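Working notes for the structure below.
Bear in mind that the values here come from a model prediction, so they are computed numbers and not experimental data. We count ligands from 1, going down the list as the structure has it; atoms in each ligand are counted the same way. Starting from 1, each residue takes its place in the sequence as its number.
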Amino acid sequence: MILIDGNKISAEIKEEIALEVQQMKKRGEKTPHLVAIIVGHDGASETYVGHKEKSCKQVGFDSTVLRFEDTVTEKELLETVDKLNNDPAIDGFIMQLPLPKHISEQKVIEAIDPKKDVDGFHPINLGRIVIGLPAYVSATPAGIIELFKRYKIETSGKNVVVIGRSNIVGKPISILLSQKANPGDATVTLTHSRTKNLKDIVSKADIVIAALGQPEFLTAEMLKEGAVVIDVGITRIKSENTKSGWKLIGDVKFDEVSKKASFITPVPGGVGPMTIVSLLQNTLKAAKGEIYPK
Ligand code: NAD
């Protein structure tokens, strides 16, 4: 069994990005600039935005966090989006979700200029992925694709089973792996809460991507010997053995599944660290005009 080390790969990618940013600066080019908008004081959102800010600093990006109280109106937020869309100093920006109930997330996301939508949530970016055009791929699926590349995991002709059909993970990773591409060219089955005979379907998979948010859902008895297992799930549970008083567990029963899998991502330290790195990669692409020429 090979443990897929997301911490190691993400550190390598950060070094690569940092080197590229140094060279851009030497050539007198503009420093990539990412803006994160955060509304309210949700603990998990604060943590994510904090990580993103720190990662930007590590690779030499400029980064700005715009904070709003949860009393902000939809109109004010849309005006901010409009300003950022039209500010040439900003290469990309993200709206940390969730937003308060009185604000339509969809409306705000659709207001973001797809050219600056480095989270890849805008329907235009998702639509471009569907028809195989260059686009910002949302961070988690992009991170999974990067892990397949770096670990040289063959996907062509393989049976892939994705568990969970969210717009940010399940659906885009299913589309990406079924594209004529490398990684890609797989036969993908997208499963969800209404799927019948999930165990049967999973038992035929060469690659399983668990993204349903149910701790330790995937067990060894469900899996084919030698399958590749990607665990996207993150659930916080209380723990007496950690300083913080909680720990993260995935959607895979790691102890038993790791004995049967050929490759497996741990939680934490697998897909999670790749997510932030993908956001950095998208911001670099935005600064260079790689997806949408400037
Ligand atoms: P979600 O929570 O929006 O949806 C869950 C999906 O799982 C739904 O499509 C549902 O149909 C499916 N599902 C639920 N129970 C099921 C069952 N018993 N059998 C089959 N399918 C079932 O999905 P999400 O936002 O992609 O989040 C999924 C998990 O991934 C969560 O734990 C989340 O915290 C985690 N996540 C991790 C990262 C990361 O960076 N590692 C990023 C995004 C999400």
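Among all non-hydrogen protein atoms, the one lying nearest atom 42 (C) of ligand 1 is T140 OG1, 3.2 Å. With respect to atom 34 (O) of ligand 1, the closest heavy atom belonging to the protein is I234 O, 3.2 Å. Protein heavy atom in closest approach to atom 8 (C) of ligand 1: R165 N, 4.0 Å. At the top of the distance list for atom 27 (O) of ligand 1, counting protein heavy atoms only, stands A211 O, 4.5 Å.
Remark: ligand 1 and D251 share no N or O pair separated by less than 3.5 Å (distance only, no angle test). Every N/O-N/O distance between I168 and ligand 1 stays at or above 3.5 Å. Annotation: S193 places an N or O atom under 3.5 Å from an N or O atom of ligand 1; distance criterion only. At a 3.5 angstrom cut-off on N or O pairs, Q214 counts as close to ligand 1.
Less than 4.0 angstrom separates atom 32 (O) of ligand 1 from at least one non-hydrogen atom of the protein. Within a 4.0 Å radius of atom 11 (O) of ligand 1, the protein contributes at least one heavy atom.
E46 and R67 are joined by a salt bridge, as a carboxylate oxygen and a charged side-chain nitrogen come within less than 4.0 angstrom of each other. Between K288 and E29 there is no salt bridge, since no side-chain nitrogen of the basic residue lies less than 4.0 Å from a carboxylate oxygen of the acidic one.
When the options S166, G213, G272, P273 are ranked by their closest heavy atom to atom 1 (P) of ligand 1, first place goes to S166. Nearest residue to atom 35 (C) of ligand 1 from V202, I173, V232, N167 is V232 (criterion: closest heavy atom). Between atom 43 (C) of ligand 1 and the options I249, V169, L212, the minimum heavy-atom separation is to V169.
No side-chain heavy atom of L97 sits under 4.5 Å from any side-chain heavy atom of Y48.
Shown in contact with I163 at under 4.0 Å from a heavy atom are these atoms of ligand 1, numbered in order with element: 20 (C), 21 (N). Interface atoms of ligand 1 facing G164, defined by a heavy-atom separation under 4.0 Å, are 6 (C), 7 (O), 9 (O), 12 (C). For ligand 1, the atoms closer than 4.0 angstrom to any heavy atom of T275 are 39 (C), 40 (O). Within the listing of ligand 1, atoms 18 (N), 19 (N) sit less than 4.0 angstrom from a heavy atom of F217. Close approach to H192 involves these atoms of ligand 1, each under 4.0 Å from a residue heavy atom: 11 (O), 19 (N), 20 (C), 21 (N), 22 (C).
Heavy-atom distances between T195 and ligand 1 stay at or above 4.0 Å for every pair. The shortest heavy-atom distance from G170 to ligand 1 is not under 4.0 Å.
Atom CG of D251 and atom CD1 of I209 lie 12.0 Å apart (nearest 0.5 Å). The CD1 atom of I17 lies 9.5 Å from the OG atom of S55; values are rounded to the nearest 0.5 Å.
One N or O on the side chain of T80 and one on the backbone of E76 form a donor-acceptor pair closer than 3.5 Å. Without hydrogens or angle criteria, E146 side chain to I13 main chain gives no donor-acceptor distance under 3.5 Å. A donor-acceptor pair under 3.5 Å is formed between the side chain of T155 and the backbone N or O of G184.
Q22 is linked by a side-chain contact (heavy atoms from CB on, under 4.5 Å) to L19, counting only residues two or more places apart in sequence or in another chain.
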Please set out all donor-acceptor pairs under 3.5 angstrom arising from side-chain atoms of residues 110-122, sequence neighbours excluded.
| from | atom 1 | to | atom 2 | distance (Å) |
| --- | --- | --- | --- | --- |
| E110 | OE2 | Q106 | NE2 | 3.1 |
| D113 | OD1 | K115 | N | 2.9 |
| K116 | NZ | L84 | O | 2.7 |
| K116 | NZ | N85 | O | 3.2 |
| K116 | NZ | D87 | O | 2.7 |
| K116 | NZ | I90 | O | 3.0 |
| D117 | OD1 | G120 | N | 3.3 |
| D117 | OD1 | F121 | N | 3.2 |
| D117 | OD2 | F121 | N | 3.1 |
| D117 | OD2 | H122 | N | 2.8 |
| D117 | OD2 | N125 | ND2 | 2.8 |
| H122 | ND1 | I124 | N | 2.9 |
| H122 | NE2 | E110 | O | 3.1 |

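In this pair, Y136 and Y292 present their aromatic rings tilted. The plane angle is within the 30 to 60° band.
No side-chain donor-acceptor contact under 3.5 Å links H33 and S63.
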